[in-house]
Amino acid sequence: MDHTESRDGTDGTDEPTDDTRATPDPASPPEPASRPEPEPASPPDPEPEPAPNPEPNSEPESGRKRRRPWVRRLRRTALVLALVLIVPLVAVETALRVNYTGDPADGTYTRNRDAMWLGHAWVDGRKKDADVTALAGRLEDTGVRDLYVHTGPLEHDGTLPRSVYPRARWFIDAVHRELPGVRVQAFLGDVLANGGPEGLELADAATRDEVVRSAGQVLDTGYEGVHMDLEPLHSGDEHYLDLLDDLRTLTKGRDAQLSVAAHQIDPLPHLHSVAGLVADHPKWWSQEFFGQVARRVDQIAVMSYDTARLFESTYGGYVAQQTSLALEVTPPTTHLLMGLPFYYESNPSHWGHAETVAAAVRGARLGLSRTDPDRELFGLAPYIDFAASETNWREFEGGWVR
(Lines give C-alpha, C1' and ligand atoms only; values in the text may rest on other atoms or scores of the structure.)
Protein backbone atom coordinates (compact mmCIF):
# COMPACT_ATOMS: atom_id res chain seq x y z
CA MET A 1 0.00 0.00 0.00
CA ASP A 2 1.29 3.34 -0.94
CA HIS A 3 0.89 5.62 2.06
CA THR A 4 1.67 8.57 -0.10
CA GLU A 5 -1.18 8.30 -2.58
CA SER A 6 -4.16 6.39 -1.17
CA ARG A 7 -5.35 6.55 2.39
CA ASP A 8 -2.84 8.95 3.90
CA GLY A 9 -4.26 12.15 2.56
CA THR A 10 -1.37 13.24 0.38
CA ASP A 11 -3.81 14.44 -2.20
CA GLY A 12 -5.01 17.00 0.29
CA THR A 13 -8.03 15.02 1.40
CA ASP A 14 -8.33 13.13 4.53
CA GLU A 15 -11.87 11.98 4.96
CA PRO A 16 -12.05 9.97 3.49
CA THR A 17 -17.12 -13.46 -23.20
CA ASP A 18 -17.46 -15.06 -26.71
CA ASP A 19 -20.83 -16.25 -27.86
CA THR A 20 -19.86 -19.68 -29.08
CA ARG A 21 -22.43 -21.52 -31.06
CA ALA A 22 -22.23 -25.12 -32.24
CA THR A 23 -21.71 -25.48 -36.01
CA PRO A 24 -23.92 -28.15 -37.57
CA ASP A 25 -22.19 -31.14 -39.13
CA PRO A 26 -21.99 -31.11 -42.89
CA ALA A 27 -25.22 -32.45 -44.45
CA SER A 28 -25.27 -36.20 -44.97
CA PRO A 29 -25.64 -37.44 -48.50
CA PRO A 30 -29.33 -37.48 -49.47
CA GLU A 31 -31.28 -40.67 -49.21
CA PRO A 32 -31.78 -42.34 -52.60
CA ALA A 33 -34.88 -40.97 -54.30
CA SER A 34 -37.84 -43.35 -54.35
CA ARG A 35 -38.49 -44.74 -57.75
CA PRO A 36 -41.87 -45.92 -59.09
CA GLU A 37 -41.85 -49.63 -59.43
CA PRO A 38 -42.97 -51.12 -62.71
CA GLU A 39 -45.93 -53.40 -62.62
CA PRO A 40 -44.32 -56.66 -61.83
CA ALA A 41 -44.35 -59.36 -64.46
CA SER A 42 -42.39 -61.35 -61.96
CA PRO A 43 -41.15 -60.67 -58.40
CA PRO A 44 -38.58 -57.86 -58.52
CA ASP A 45 -35.05 -58.36 -57.46
CA PRO A 46 -34.42 -56.93 -53.97
CA GLU A 47 -32.87 -53.48 -53.97
CA PRO A 48 -29.36 -53.23 -52.48
CA GLU A 49 -29.11 -51.63 -49.06
CA PRO A 50 -27.60 -48.15 -49.31
CA ALA A 51 -24.14 -47.81 -47.83
CA PRO A 52 -24.31 -46.31 -44.34
CA ASN A 53 -23.41 -42.67 -44.12
CA PRO A 54 -20.08 -42.01 -42.34
CA GLU A 55 -20.32 -40.72 -38.76
CA PRO A 56 -19.79 -36.97 -38.61
CA ASN A 57 -16.18 -36.02 -37.87
CA SER A 58 -15.11 -39.62 -38.10
CA GLU A 59 -11.44 -39.97 -38.90
CA PRO A 60 -9.22 -42.77 -40.00
CA GLU A 61 -7.89 -44.88 -37.19
CA SER A 62 -4.38 -43.80 -38.09
CA GLY A 63 -5.34 -40.13 -37.53
CA ARG A 64 -6.65 -40.86 -34.08
CA LYS A 65 -3.49 -42.70 -33.19
CA ARG A 66 -1.34 -39.80 -34.36
CA ARG A 67 -3.19 -37.34 -32.10
CA ARG A 68 -3.42 -39.29 -28.90
CA PRO A 69 0.19 -38.67 -27.75
CA TRP A 70 -0.35 -34.90 -28.09
CA VAL A 71 -3.56 -35.08 -26.10
CA ARG A 72 -1.85 -37.06 -23.38
CA ARG A 73 1.04 -34.60 -23.26
CA LEU A 74 -1.34 -31.67 -23.05
CA ARG A 75 -3.25 -33.24 -20.19
CA ARG A 76 -0.02 -34.08 -18.41
CA THR A 77 1.23 -30.52 -18.76
CA ALA A 78 -2.02 -29.10 -17.43
CA LEU A 79 -1.86 -31.44 -14.44
CA VAL A 80 1.74 -30.50 -13.68
CA LEU A 81 0.95 -26.78 -13.88
CA ALA A 82 -2.03 -27.23 -11.60
CA LEU A 83 0.10 -29.07 -9.07
CA VAL A 84 2.89 -26.50 -9.27
CA LEU A 85 0.47 -23.65 -8.61
CA ILE A 86 -2.11 -25.19 -6.32
CA VAL A 87 -0.07 -27.44 -4.05
CA PRO A 88 2.31 -24.71 -2.82
CA LEU A 89 -0.62 -22.34 -2.33
CA VAL A 90 -2.50 -24.88 -0.25
CA ALA A 91 0.65 -25.66 1.70
CA VAL A 92 1.31 -21.97 2.45
CA GLU A 93 -2.28 -21.30 3.50
CA THR A 94 -2.25 -24.38 5.73
CA ALA A 95 1.02 -23.33 7.34
CA LEU A 96 -0.35 -19.85 8.05
CA ARG A 97 -3.51 -21.31 9.57
CA VAL A 98 -1.39 -23.49 11.86
CA ASN A 99 0.73 -20.45 12.70
CA TYR A 100 -2.38 -18.77 14.06
CA THR A 101 -3.10 -21.54 16.57
CA GLY A 102 -2.11 -21.58 20.22
CA ASP A 103 -2.24 -18.96 22.91
CA PRO A 104 -0.07 -15.84 23.22
CA ALA A 105 2.23 -15.76 26.22
CA ASP A 106 1.18 -13.94 29.34
CA GLY A 107 2.40 -10.39 29.41
CA THR A 108 2.48 -9.90 25.65
CA TYR A 109 0.46 -6.72 25.77
CA THR A 110 1.31 -3.08 25.16
CA ARG A 111 4.65 -1.87 26.43
CA ASN A 112 3.30 1.68 26.15
CA ARG A 113 5.48 2.14 23.08
CA ASP A 114 2.85 2.12 20.34
CA ALA A 115 2.54 4.60 17.47
CA MET A 116 -0.14 5.84 15.09
CA TRP A 117 -0.20 7.26 11.58
CA LEU A 118 -2.25 10.46 11.19
CA GLY A 119 -3.55 12.15 8.05
CA HIS A 120 -2.62 15.52 6.57
CA ALA A 121 -5.61 17.47 7.91
CA TRP A 122 -3.86 17.95 11.25
CA VAL A 123 -1.30 20.32 9.73
CA ASP A 124 -3.02 22.01 6.81
CA GLY A 125 -5.59 24.03 8.75
CA ARG A 126 -8.63 21.76 8.70
CA LYS A 127 -8.35 20.61 12.32
CA LYS A 128 -9.09 22.75 15.34
CA ASP A 129 -8.46 22.69 19.10
CA ALA A 130 -11.60 20.62 19.67
CA ASP A 131 -10.25 17.96 17.31
CA VAL A 132 -7.02 17.68 19.26
CA THR A 133 -8.98 17.37 22.48
CA ALA A 134 -11.04 14.55 20.95
CA LEU A 135 -7.87 12.83 19.71
CA ALA A 136 -6.33 13.09 23.16
CA GLY A 137 -9.44 11.52 24.69
CA ARG A 138 -9.24 8.64 22.22
CA LEU A 139 -5.55 7.98 22.84
CA GLU A 140 -5.67 8.37 26.61
CA ASP A 141 -4.86 5.14 28.43
CA THR A 142 -3.61 3.49 25.26
CA GLY A 143 0.06 2.78 24.65
CA VAL A 144 0.43 5.31 21.81
CA ARG A 145 3.52 7.43 22.41
CA ASP A 146 4.48 8.45 18.86
CA LEU A 147 2.34 10.18 16.23
CA TYR A 148 3.45 10.06 12.60
CA VAL A 149 1.53 13.00 11.12
CA HIS A 150 1.56 13.32 7.35
CA THR A 151 3.52 16.46 6.51
CA GLY A 152 4.52 15.87 2.88
CA PRO A 153 4.48 14.75 0.24
CA LEU A 154 7.99 15.57 -0.82
CA GLU A 155 8.51 17.00 -4.26
CA HIS A 156 10.21 14.61 -6.68
CA ASP A 157 13.44 16.60 -6.28
CA GLY A 158 13.40 16.00 -2.52
CA THR A 159 12.27 19.47 -1.50
CA LEU A 160 9.31 20.18 0.79
CA PRO A 161 7.25 23.37 0.36
CA ARG A 162 6.49 24.97 3.70
CA SER A 163 3.06 25.83 2.37
CA VAL A 164 1.86 22.24 2.68
CA TYR A 165 2.08 22.22 6.49
CA PRO A 166 1.18 25.72 7.69
CA ARG A 167 -0.36 24.54 11.00
CA ALA A 168 2.34 22.07 12.04
CA ARG A 169 3.63 24.19 14.90
CA TRP A 170 0.10 24.65 16.24
CA PHE A 171 -0.52 20.89 16.16
CA ILE A 172 2.75 20.03 17.89
CA ASP A 173 2.05 22.49 20.70
CA ALA A 174 -1.55 21.27 21.04
CA VAL A 175 -0.42 17.63 21.35
CA HIS A 176 2.14 18.55 23.98
CA ARG A 177 -0.55 20.36 25.91
CA GLU A 178 -3.22 17.63 25.65
CA LEU A 179 -0.96 14.56 25.58
CA PRO A 180 2.19 15.16 27.62
CA GLY A 181 4.92 12.68 26.77
CA VAL A 182 3.67 11.93 23.25
CA ARG A 183 6.14 12.71 20.45
CA VAL A 184 5.10 14.15 17.10
CA GLN A 185 7.09 13.04 14.06
CA ALA A 186 6.85 14.40 10.52
CA PHE A 187 5.61 11.67 8.17
CA LEU A 188 7.34 12.36 4.83
CA GLY A 189 6.91 10.29 1.70
CA ASP A 190 6.88 10.16 -2.05
CA VAL A 191 6.48 7.75 -4.94
CA LEU A 192 9.86 6.55 -6.13
CA ALA A 193 10.84 6.82 -9.78
CA ASN A 194 10.90 3.02 -10.07
CA GLY A 195 7.15 3.15 -9.45
CA GLY A 196 6.36 4.82 -12.76
CA PRO A 197 7.44 7.44 -15.27
CA GLU A 198 7.82 10.08 -12.57
CA GLY A 199 8.95 10.06 -8.99
CA LEU A 200 11.77 10.68 -6.58
CA GLU A 201 15.06 9.26 -7.81
CA LEU A 202 17.11 7.84 -4.95
CA ALA A 203 20.11 7.17 -7.19
CA ASP A 204 20.57 10.92 -7.58
CA ALA A 205 22.84 12.24 -4.84
CA ALA A 206 21.50 15.78 -5.17
CA THR A 207 17.96 14.51 -4.59
CA ARG A 208 19.05 12.63 -1.48
CA ASP A 209 20.71 15.78 -0.20
CA GLU A 210 17.44 17.67 -0.65
CA VAL A 211 15.56 15.01 1.31
CA VAL A 212 17.99 15.48 4.18
CA ARG A 213 17.52 19.25 4.01
CA SER A 214 13.76 18.79 4.08
CA ALA A 215 14.13 16.62 7.18
CA GLY A 216 16.10 19.38 8.88
CA GLN A 217 13.43 21.86 7.83
CA VAL A 218 10.64 19.96 9.65
CA LEU A 219 12.82 19.51 12.71
CA ASP A 220 13.27 23.29 12.74
CA THR A 221 9.47 23.55 12.84
CA GLY A 222 9.40 21.65 16.11
CA TYR A 223 8.86 18.03 15.10
CA GLU A 224 10.61 15.51 17.34
CA GLY A 225 11.40 13.04 14.61
CA VAL A 226 11.28 12.23 10.90
CA HIS A 227 9.26 9.28 9.62
CA MET A 228 10.13 8.24 6.04
CA ASP A 229 7.84 6.28 3.70
CA LEU A 230 9.19 5.89 0.16
CA GLU A 231 7.45 3.38 -2.09
CA PRO A 232 7.80 1.09 -3.94
CA LEU A 233 11.21 0.45 -2.45
CA HIS A 234 13.01 -2.58 -3.83
CA SER A 235 14.91 -4.92 -1.56
CA GLY A 236 18.63 -4.26 -1.53
CA ASP A 237 18.46 -0.61 -2.60
CA GLU A 238 21.88 0.72 -1.58
CA HIS A 239 20.89 4.32 -2.29
CA TYR A 240 18.14 4.06 0.32
CA LEU A 241 20.66 2.83 2.86
CA ASP A 242 22.90 5.79 2.00
CA LEU A 243 19.97 8.14 2.57
CA LEU A 244 19.24 6.59 5.95
CA ASP A 245 22.87 7.00 6.99
CA ASP A 246 22.72 10.71 6.17
CA LEU A 247 19.36 11.15 7.89
CA ARG A 248 20.62 9.36 11.00
CA THR A 249 23.56 11.75 11.24
CA LEU A 250 21.10 14.64 11.11
CA THR A 251 18.60 13.30 13.64
CA LYS A 252 21.22 12.17 16.15
CA GLY A 253 22.74 15.61 16.05
CA ARG A 254 19.33 17.11 16.79
CA ASP A 255 18.32 14.57 19.47
CA ALA A 256 15.41 13.51 17.26
CA GLN A 257 13.96 10.18 16.16
CA LEU A 258 14.46 8.58 12.74
CA SER A 259 11.70 6.15 11.87
CA VAL A 260 10.65 4.39 8.65
CA ALA A 261 7.69 2.51 7.22
CA ALA A 262 8.98 -0.88 6.06
CA HIS A 263 7.81 -3.35 3.44
CA GLN A 264 6.91 -6.89 4.51
CA ILE A 265 9.59 -9.58 4.68
CA ASP A 266 9.80 -12.56 2.31
CA PRO A 267 7.36 -15.13 3.76
CA LEU A 268 9.38 -17.72 1.80
CA PRO A 269 13.14 -17.41 1.24
CA HIS A 270 14.01 -15.31 -1.82
CA LEU A 271 10.35 -14.74 -2.71
CA HIS A 272 11.08 -11.12 -3.61
CA SER A 273 13.52 -12.34 -6.27
CA VAL A 274 11.03 -14.83 -7.73
CA ALA A 275 8.26 -12.23 -7.68
CA GLY A 276 10.57 -9.84 -9.50
CA LEU A 277 10.47 -12.15 -12.53
CA VAL A 278 6.74 -11.58 -13.00
CA ALA A 279 6.17 -8.18 -11.35
CA ASP A 280 7.92 -4.86 -11.82
CA HIS A 281 7.84 -4.11 -8.12
CA PRO A 282 8.08 -7.07 -5.74
CA LYS A 283 6.07 -6.61 -2.58
CA TRP A 284 8.63 -7.94 -0.12
CA TRP A 285 12.08 -7.22 1.23
CA SER A 286 14.57 -9.92 2.04
CA GLN A 287 15.03 -10.51 5.73
CA GLU A 288 18.65 -9.47 5.35
CA PHE A 289 17.73 -6.10 3.84
CA PHE A 290 15.11 -5.53 6.54
CA GLY A 291 17.84 -6.01 9.13
CA GLN A 292 20.13 -3.57 7.33
CA VAL A 293 17.42 -0.94 7.46
CA ALA A 294 16.51 -1.70 11.08
CA ARG A 295 20.10 -1.15 12.20
CA ARG A 296 20.11 2.37 10.74
CA VAL A 297 16.98 3.76 12.41
CA ASP A 298 15.43 4.32 15.82
CA GLN A 299 12.04 2.90 14.86
CA ILE A 300 10.88 0.59 12.06
CA ALA A 301 7.17 0.04 11.42
CA VAL A 302 6.14 -2.92 9.27
CA MET A 303 3.23 -2.23 6.91
CA SER A 304 1.66 -5.58 7.81
CA TYR A 305 -1.55 -5.14 5.83
CA ASP A 306 -2.61 -5.40 2.17
CA THR A 307 -1.55 -9.05 2.22
CA ALA A 308 -4.19 -10.59 -0.15
CA ARG A 309 -5.05 -13.17 2.49
CA LEU A 310 -8.57 -14.52 2.11
CA PHE A 311 -9.24 -15.68 5.66
CA GLU A 312 -8.91 -14.06 9.05
CA SER A 313 -6.96 -17.05 10.38
CA THR A 314 -4.41 -17.00 7.55
CA TYR A 315 -4.02 -13.23 7.85
CA GLY A 316 -3.38 -13.56 11.58
CA GLY A 317 -0.90 -16.36 10.89
CA TYR A 318 0.83 -14.14 8.34
CA VAL A 319 1.20 -11.31 10.85
CA ALA A 320 2.57 -13.80 13.40
CA GLN A 321 5.15 -14.93 10.83
CA GLN A 322 6.06 -11.35 9.88
CA THR A 323 6.49 -10.45 13.55
CA SER A 324 8.88 -13.36 14.11
CA LEU A 325 10.87 -12.63 10.95
CA ALA A 326 11.23 -8.96 11.92
CA LEU A 327 12.19 -9.68 15.52
CA GLU A 328 14.93 -12.05 14.38
CA VAL A 329 16.85 -9.29 12.57
CA THR A 330 15.86 -6.13 14.44
CA PRO A 331 18.44 -5.24 17.08
CA PRO A 332 17.05 -4.79 20.60
CA THR A 333 18.10 -1.15 20.48
CA THR A 334 15.70 -0.48 17.57
CA HIS A 335 12.02 -0.04 18.29
CA LEU A 336 9.96 -2.49 16.18
CA LEU A 337 6.30 -1.78 15.43
CA MET A 338 3.76 -3.93 13.58
CA GLY A 339 1.19 -2.04 11.54
CA LEU A 340 -2.55 -2.57 12.05
CA PRO A 341 -5.20 -1.97 9.35
CA PHE A 342 -7.43 0.75 10.79
CA TYR A 343 -9.48 0.90 7.58
CA TYR A 344 -11.83 -1.33 5.60
CA GLU A 345 -11.42 -2.19 1.93
CA SER A 346 -12.31 -5.21 -0.19
CA ASN A 347 -10.10 -5.78 -3.21
CA PRO A 348 -7.61 -8.45 -4.34
CA SER A 349 -4.84 -7.02 -2.17
CA HIS A 350 -6.86 -6.36 0.96
CA TRP A 351 -9.97 -8.32 1.95
CA GLY A 352 -11.63 -6.43 4.76
CA HIS A 353 -13.37 -9.49 6.20
CA ALA A 354 -9.96 -11.16 6.63
CA GLU A 355 -7.61 -8.31 7.53
CA THR A 356 -9.13 -7.40 10.87
CA VAL A 357 -7.49 -5.59 13.74
CA ALA A 358 -8.32 -8.49 16.06
CA ALA A 359 -6.44 -10.96 13.82
CA ALA A 360 -3.47 -8.61 13.47
CA VAL A 361 -3.21 -8.02 17.22
CA ARG A 362 -3.42 -11.73 18.02
CA GLY A 363 -0.93 -12.57 15.27
CA ALA A 364 1.55 -9.99 16.56
CA ARG A 365 1.22 -11.34 20.09
CA LEU A 366 1.79 -14.92 18.86
CA GLY A 367 4.91 -13.90 16.94
CA LEU A 368 6.21 -11.96 19.92
CA SER A 369 5.49 -14.91 22.24
CA ARG A 370 7.39 -17.39 20.07
CA THR A 371 10.38 -15.24 19.23
CA ASP A 372 11.17 -12.68 21.92
CA PRO A 373 8.40 -12.30 24.53
CA ASP A 374 10.51 -10.01 26.70
CA ARG A 375 11.36 -7.53 23.93
CA GLU A 376 10.83 -4.13 25.44
CA LEU A 377 11.11 -1.95 22.33
CA PHE A 378 8.06 -3.41 20.61
CA GLY A 379 4.65 -2.00 19.77
CA LEU A 380 1.74 -1.82 17.37
CA ALA A 381 0.94 1.01 14.98
CA PRO A 382 -2.60 1.63 13.69
CA TYR A 383 -2.96 3.02 10.15
CA ILE A 384 -4.75 5.45 9.86
CA ASP A 385 -6.80 7.80 12.08
CA PHE A 386 -9.34 9.20 9.60
CA ALA A 387 -10.48 5.77 8.35
CA ALA A 388 -10.70 4.10 11.78
CA SER A 389 -14.01 2.59 12.94
CA GLU A 390 -15.25 1.95 16.44
CA THR A 391 -14.71 -1.77 15.77
CA ASN A 392 -11.06 -1.09 14.97
CA TRP A 393 -10.56 0.77 18.23
CA ARG A 394 -12.46 -1.83 20.27
CA GLU A 395 -10.38 -4.71 18.88
CA PHE A 396 -7.14 -2.82 19.43
CA GLU A 397 -7.91 -1.90 23.00
CA GLY A 398 -9.48 -5.25 23.88
CA GLY A 399 -6.68 -7.36 22.47
CA TRP A 400 -3.62 -5.25 23.21
CA VAL A 401 -4.17 -2.56 25.83
CA ARG A 402 -4.00 -3.66 29.46
Side-chain angles (χ1 to χ4, degrees), residues 1-4 115 148 152-160 185-196 199-219 225-254 256-266 269-273 275-276 279-304 322 325-339 377 381:
M1 172 197 57
D2 182 353
H3 287 309
T4 64
Y148 306 141
L154 295 165
E155 296 294 306
H156 294 337
D157 63 0
T159 60
L160 179 66
Q185 300 191 41
F187 168 11
L188 305 179
D190 194 17
V191 175
L192 293 177
N194 58 24
L200 188 146
E201 181 56 74
L202 280 177
D204 182 63
T207 298
R208 297 199 304 273
D209 289 344
E210 288 296 341
V211 173
V212 175
R213 274 192 282 272
S214 295
Q217 179 179 307
V218 295
L219 293 178
V226 177
H227 180 78
M228 299 300 303
D229 177 25
L230 302 174
E231 301 180 43
L233 184 59
H234 293 186
S235 183
D237 191 321
E238 295 290 338
H239 301 300
Y240 180 63
L241 299 180
D242 291 341
L243 174 62
L244 293 181
D245 288 338
D246 293 340
L247 286 170
R248 188 67 181 275
T249 299
L250 169 72
T251 56
K252 286 184 72 174
R254 305 282 290 271
Q257 294 286 295
L258 174 59
S259 59
V260 295
H263 287 16
Q264 297 158 28
I265 301 172
D266 283 341
H270 306 294
L271 186 59
H272 74 281
S273 299
D280 292 335
H281 309 297
K283 181 180 185 65
W284 303 280
W285 287 352
S286 71
Q287 191 182 34
E288 178 186 11
F289 184 67
F290 187 97
Q292 291 173 336
V293 172
R295 289 191 291 274
R296 287 170 163 82
V297 298
D298 298 296
Q299 299 177 333
I300 185 166
V302 185
M303 296 181 285
S304 39
Q322 287 291 308
L325 291 171
L327 283 167
E328 288 170 359
V329 293
T330 301
T333 53
T334 298
H335 184 182
L336 173 65
L337 298 123
M338 302 303 296
L377 293 180

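Nothing here was measured: the structure is a model prediction, and the numbers come from that model.
Going from atom CG of L337 over to atom OG of S259 covers 8.5 Å, rounded to the nearest 0.5 Å. With values rounded to the nearest 0.5 angstrom, Q185 atom CD is found 9.5 Å from L219 atom CG. Summarising the geometry, atom OG1 belonging to T249 is positioned 13.0 Å from atom CZ belonging to R254; distances are rounded to the nearest 0.5 Å. For the atom pair L327 CG and L377 CG, the distance stands at 11.0 Å (nearest 0.5 Å). Considering NE2 of H227 and CG of L188, their distance stands at 9.5 Å, rounded to 0.5 Å. Distance check, rounded to the nearest 0.5 Å: CG of L258 to CG of L247 gives 5.5 Å.
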Run D242 and L202 through side chain to side chain contact (heavy atoms under 4.5 Å, CB included) and show every step you take. CA-CA 9 Å; D242 291 341; L202 280 177; over 6 Å; no

Worked verdict on L250 versus V226 for side chain to side chain contact (heavy atoms under 4.5 Å, CB included): CA-CA 10 Å; L250 169 72; V226 177; 5.6 Å; no

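Among pairs with a residue in residues 202-212, those fulfilling salt bridge (charged side-chain N to carboxylate O under 4.0 Å, His left out) read E210-R213, at least two apart in sequence or across chains.
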Taking distance alone, no hydrogens or angles, what donor-acceptor pairs closer than 3.5 Å link side-chain atoms of residues 287-294 to residues at least two apart or in another chain?
| unit_1 | atom_1 | unit_2 | atom_2 | d |
| --- | --- | --- | --- | --- |
| Q287 | NE2 | L325 | O | 2.9 |
| Q287 | NE2 | E328 | OE1 | 2.8 |

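Using a 4.5 Å heavy-atom cutoff, the side chains of E231 and M303 are in contact. Q322 is listed as a side-chain neighbour of I265, based on a closest heavy-atom distance under 4.5 Å. In this structure, the side chains of L243 and L230 come closer than 4.5 Å at one or more pairs of heavy atoms. Side-chain contact check for R248 versus D298: some heavy-atom pair is nearer than 4.5 Å.
Looking only at distances, no side-chain donor or acceptor of Q299 sits under 3.5 Å from a matching main-chain atom of Q257. No donor-acceptor pair closer than 3.5 Å links the side chain of S304 to the backbone N or O of M338.
Shown are H239, H263, M228; of these, the side-chain contact (heavy atoms from CB on, under 4.5 Å) with L233 is made only by H263.
Considering every non-hydrogen atom in both P232 and N194, the closest pair reads O-OD1, 2.8 Å. Listed here is the closest heavy atom pair of S235 and S286: OG-N, 3.0 Å.
When the side chain to side chain donor-acceptor pair (under 3.5 Å) test is applied to R295, no partner is found at least two apart in sequence or on another chain. Applying the side chain to side chain donor-acceptor pair (under 3.5 Å) test to Q264 and every residue at least two apart in sequence or in another chain returns Y318. Not counting sequence neighbours, Y240 has no partner by the ring-ring contact (aromatic ring centres under 6.0 Å, His included) test. Take D245 and apply the salt bridge (charged side-chain N to carboxylate O under 4.0 Å, His left out) test, not counting sequence neighbours, and it matches R296.
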